Amino acid sequence: MSKYVTKPIPAEKPAVGRITRPWGSFSQYAFNEETTVSLMTVKPGQRLSLQSHTGRAELWIVLDDGATVQVNDEVKVCSAGDEIWIPAESRHRLSCTGDAPVRVLEVAFGNWQQDDIERYDDDYARPEKGES
């Protein structure tokens, strides 16, 4: 796997700011930090490849019930609102085990490169490195 580490990558989950206002509240997952934010949607019965990255760590925020997340050897059935920290070089996978698609907001810290994907298992027979 190539080393894409050109930007700082936090070793631990960054602090999440919880701000209260008269109308309710909001959470800040990255405050004035360089990040890449993606909204992933996984269809029922489908899953991402088991993969890792050298150049980024990821914070996954589960938006819907029905998501199952694997980080290294730990597998967790998630509920909406769960937050999962995925350190750089950790093997991870997102699956949809419910009857409806699941959405996960991904906040990536570090150098987001499509080629920085090492696949260990893939249901779609894609190459071990890079590419969608």
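Quantities reported herein were computed from a predicted structural model and do not represent experimental measurements.
- We find the CD-OH distance between Q46 and Y124 to be 3.5 Å, quoted to the nearest 0.5 Å.
- Between P10 and A57, the shortest heavy-atom distance links the atoms O-CB, 4.0 Å.
- Electrostatic pairing of E74 and K76 does not count as a salt bridge here, judged by no charged N lying under 4.0 Å from a carboxylate O.
- Linking ILVMFWY residues whenever their side-chain heavy atoms come closer than 4.5 Å, directly or via other members, places V69 and V42 in the same cluster.
- At least one donor-acceptor pair under 3.5 Å links the side chain of D116 to the backbone N or O of T54.
- Smallest separation of non-hydrogen atoms from A11 and P87: O-CB, 4.5 Å.
- Cluster annotation: W85 is connected to L63 through the hydrophobic network of ILVMFWY side chains, with a link wherever side-chain heavy atoms come within less than 4.5 Å.
- Side-chain atoms of E12 never come within 3.5 Å of backbone atoms of P14 as a donor-acceptor pair (strictly under, hydrogens ignored).
- Hydrophobic clustering of Ile, Leu, Val, Met, Phe, Trp and Tyr side chains at less than 4.5 Å, counting indirect connections, keeps L105 apart from W112.
- Side chain of D65 to main chain of S79: no donor-acceptor pair is present (N/O by atom type, distance under 3.5 Å, no hydrogens or angles).
- The existence of a salt bridge linking D121 and R47 is confirmed by a sub-4.0 Å separation between a basic side-chain nitrogen and an acidic carboxylate oxygen.
- Among all heavy-atom pairs drawn from E83 and L59, the shortest one is CB-CD1, 4.2 Å.
- Judged purely by distance below 3.5 Å, without hydrogens or angles, the side chains of D115 and Q113 never pair a donor atom with an acceptor atom.
- Taking each heavy atom of A100 and P44 in turn, the nearest pair found is C-CG, 3.6 Å.
- Between P101 and K43 there is no side-chain heavy-atom pair separated by less than 4.5 Å.
- Using a 4.5 Å cut-off on side-chain heavy atoms (C-beta onward), S52 and S90 make no contact.
- In this structure, H92 and W60 have perpendicular ring planes: the angle between them is above 60°, well past the 30° mark.
- In this structure, CZ in R103 is found 12.5 Å from CD1 in I61, a value given to the nearest 0.5 Å.
- When all heavy atoms are compared, the tightest approach of S95 to V102 is O-CG2, 4.4 Å.
- Clustering ILVMFWY residues whenever any of their side-chain heavy atoms sit less than 4.5 angstrom apart, transitively, puts Y29 in the very cluster that holds L39.
- The two residues A67 and V62 have their closest heavy-atom pair at CB-CG1, 4.1 Å.
- Residue-environment remark: CD (Q28) exceeds the threshold of 12 foreign heavy atoms within 6.0 Å.
- We find the CD-CD1 distance between E58 and I84 to be 12.0 Å, quoted to the nearest 0.5 Å.
- Note on M40 and V71: same hydrophobic cluster, where clusters join Ile, Leu, Val, Met, Phe, Trp and Tyr whose side-chain heavy atoms are under 4.5 Å apart, directly or indirectly.
- Side-chain atoms of R93 come within 3.5 Å of backbone N or O of L48 as a donor-acceptor pair.
- Note that the OG atom of S49 and the CD1 atom of I117 stand 6.5 Å from one another [nearest 0.5 Å].
- The main-chain N or O of V77 is never found under 3.5 Å from a side-chain atom of T68 such that the two would form a donor-acceptor pair.
- Note that CD of E89 and CG of N72 are 10.5 Å apart. Values are rounded to the nearest 0.5 Å.
- Distance check: I9 CD1 to F109 CZ gives 11.5 Å after rounding to the nearest 0.5 Å.
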